[in-house]
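One structure below.
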There are 2 protein chains.
Amino acid sequence: MTAATTPPARTGRPAKRVAIDRAARVVFGREGYIRASVDSIAAEAHVSKRTIYNHYQDKEQLLLCVLKESTHAVAEHQEELIDRHLASPVDLEAELVALGCALATPQSGFKEHFALVRVIFAEASRLPGEVTDSWRTEGPGRTQARLARHFATLSAAGRLRTDEPQEAAAHFTQLVTSEAYERSFHGALPLPADELEALVTAGVRAFLRLYGARS
Amino acid sequence: MTAATTPPARTGRPAKRVAIDRAARVVFGREGYIRASVDSIAAEAHVSKRTIYNHYQDKEQLLLCVLKESTHAVAEHQEELIDRHLASPVDLEAELVALGCALATPQSGFKEHFALVRVIFAEASRLPGEVTDSWRTEGPGRTQARLARHFATLSAAGRLRTDEPQEAAAHFTQLVTSEAYERSFHGALPLPADELEALVTAGVRAFLRLYGARS
DNA sequence: GTCTATATGAGGATAGAC
DNA sequence: GTCTATCCTCATATAGAC
């Protein structure tokens, strides 16, 4: 796992490529970087191993590329979630709880993405710095920014009370999602739904004690 | 990495054993479970590989044993930190900031312990459930409990305001340490001291808005 | 797509040294 | 009877050759 700046080779049929990417996401997520063999990725993709090396320079480039795609997909999904819950909330507390639950657990088809993030954490010290940096800005950074925008709007509308929406967003993440995230080992182990809801609800209440409009 | 209930063999010279344990902690922490070879652990310990297998049944048992010791050492160290800062604080806010900084960064000789915890996260889904459970109760659980006890005392003395010290302890951890923890990839990458202090200070201020005596 | 070169790992076995 | 050194087997990996 040394720094490698070479871009992925852009050859081969795109249909194969998406199959490879999907398979790599699944297998890397399930096995971790070292354990995931290129053979098993090829099998999962119903593709020859040679085809993988035809599309990607080596195993590390494959991980990095899949990670980038995955990061974007999750960021978009989370931005949607945030918009859906905070665009025009009737019961703000309820919406915050629902949003918190959604953000704190690997969502529907996104389990592999969370697993990939675990791989980044495990490999962080061996990954090129640009990779970890760009993951943070393109991933959690975008989510945080979107939260902050909504909090600013809600504050202007008198639904929240903060003149530092960035900080409020950070505190929301910390109070509402971080414990569930840690408790489930970053989504690796299941957290009972009732426990999750209890954690999130307690977090939202604390958040509203800090930033709620009427208190 | 399957469940293994056999206890480690209690043979061999204790001096060798501590060398092995230290080496395993270092190498597992530096390389991760899969990458760390028993050969390299033996080299680091200046011990024959055969000797390792004389003391431990297999590689997994070695990890588990080292993890347990490491967990206790860190928990004790963190309990001491908490006592030192919260036993009789003059300037409570300053003490909370100092404590937060100390808790949020791998301390003096404990870098390898944090690295080991990263290994647990990476391997969580492949580890026996008792292992992850006991890590939580013997590690973070103890820290949290000690925090809660002090918060209860401080509350009784009128220095804080909470009748749920457990929850206050959770919120302290979340607000003060969780972001630094995530930002540094669980201690894998260095976080500039000024950034750390900024994060912790902001967290403590929010904590005191929630639980401070006079507000 | 299969086949191969090369390397590296776990864990056991054997030898001898103190 | 514990430790060291060395070799062995078997499995599995990457990456390239055919």
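The structure presented is a predicted model; accordingly, all values stated were derived computationally and were not measured. Letters A, B, ... are given to chains in the order of the sequence lines, protein chains preceding strands, and every chain is numbered from 1.
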How long is the line joining [atom1] of [X] and [atom2] of [N], in whole Å?
X       : N      : atom1 : atom2 : value
A/Ile41 : D/dA15 : CD1   : C1'   : 14 Å
A/Leu62 : D/dT14 : CG    : C1'   : 13 Å
A/Phe28 : D/dA13 : CZ    : P     : 13 Å
A/His55 : D/dA15 : NE2   : P     : 17 Å
A/Ile34 : D/dT12 : CD1   : P     : 17 Å
B/Asp39 : D/dC8  : CG    : P     : 15 Å

Applying a 3.5 angstrom cut-off to the pairing atoms, does DNA chain D sit in any stems of at least three consecutive Watson-Crick or G-U pairs? List them by first number.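 Correct response: C:1-16 with D:3-18.
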Which of residues 44-52 of chain A sit near DNA chain D, with a heavy atom under 4.0 Å from it?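 Those residues are A/Lys49, A/Arg50.
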Qualifying residues under side-chain hydrogen bond (donor to acceptor under 3.5 Å, both in side chains), relative to [X], sequence neighbours excluded:
X        : value
A/Glu44  : A/Arg22
A/Thr173 : A/Gln144
A/Ser70  : A/His113

More than 12 heavy atoms of other groups within 6.0 Å of A/Glu95 CD: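 Counting neighbours around CD of A/Glu95, more than 12 heavy atoms of other residues, nucleotides or ligands fall under 6.0 Å, so yes.
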B/Arg149, CZ atom: more than 12 neighbouring heavy atoms under 6.0 Å: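 Atom CZ in B/Arg149 is not crowded, with 12 or fewer foreign heavy atoms closer than 6.0 Å.
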Which word best sums up how the rings of B/Trp135 and A/Phe185 line up, parallel for under 30°, tilted for 30 to 60°, or perpendicular for over 60°?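 The arrangement is tilted - the two ring planes meet at 30° to 60°.
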Enter the distance from B/Ile120:CD1 to B/Leu67:CG here, rounded to the nearest 0.5 Å.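 With rounding to 0.5 Å, CD1 (B/Ile120) is 4.0 Å from CG (B/Leu67).
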Could you measure the distance from the CZ atom of A/Phe151 to the NE2 atom of A/His171? Nearest 0.5 Å is fine.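 Reported value, rounded in 0.5 Å steps: 11.5 Å.
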Bounds of contact between DNA chain C and chain B, in 5' to 3' order, using a heavy-atom cut-off under 4.0 Å: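 It runs C/dG9 to C/dA13.
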For A/Ala42, which contact category applies under a 4.0 Å heavy-atom criterion: base, sugar-phosphate, or nothing?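 A/Ala42: no heavy atom of the nucleic acid under 4.0 Å.
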Measuring only between side-chain heavy atoms, which start at C-beta, is B/Thr137 closer than 4.5 Å to B/Asp133?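 A side-chain contact is absent here, since even the closest heavy-atom pair is not under 4.5 Å.
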Is there side-chain contact between B/Val47 and B/Ile41, with heavy atoms separated by less than 4.5 Å?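 They are not in side-chain contact.
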Between B/Lys16 and A/Lys59, which residue's closest nucleotide on DNA chain D lies nearer the 5′ terminus?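 Checking each residue's closest nucleotide, the 5'-ward one belongs to B/Lys16.
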Are B/Phe110 and B/Phe114 near enough that their ring centres are under 6.0 Å apart?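 Centroid distance B/Phe110-B/Phe114: not below 6.0 Å, so no.
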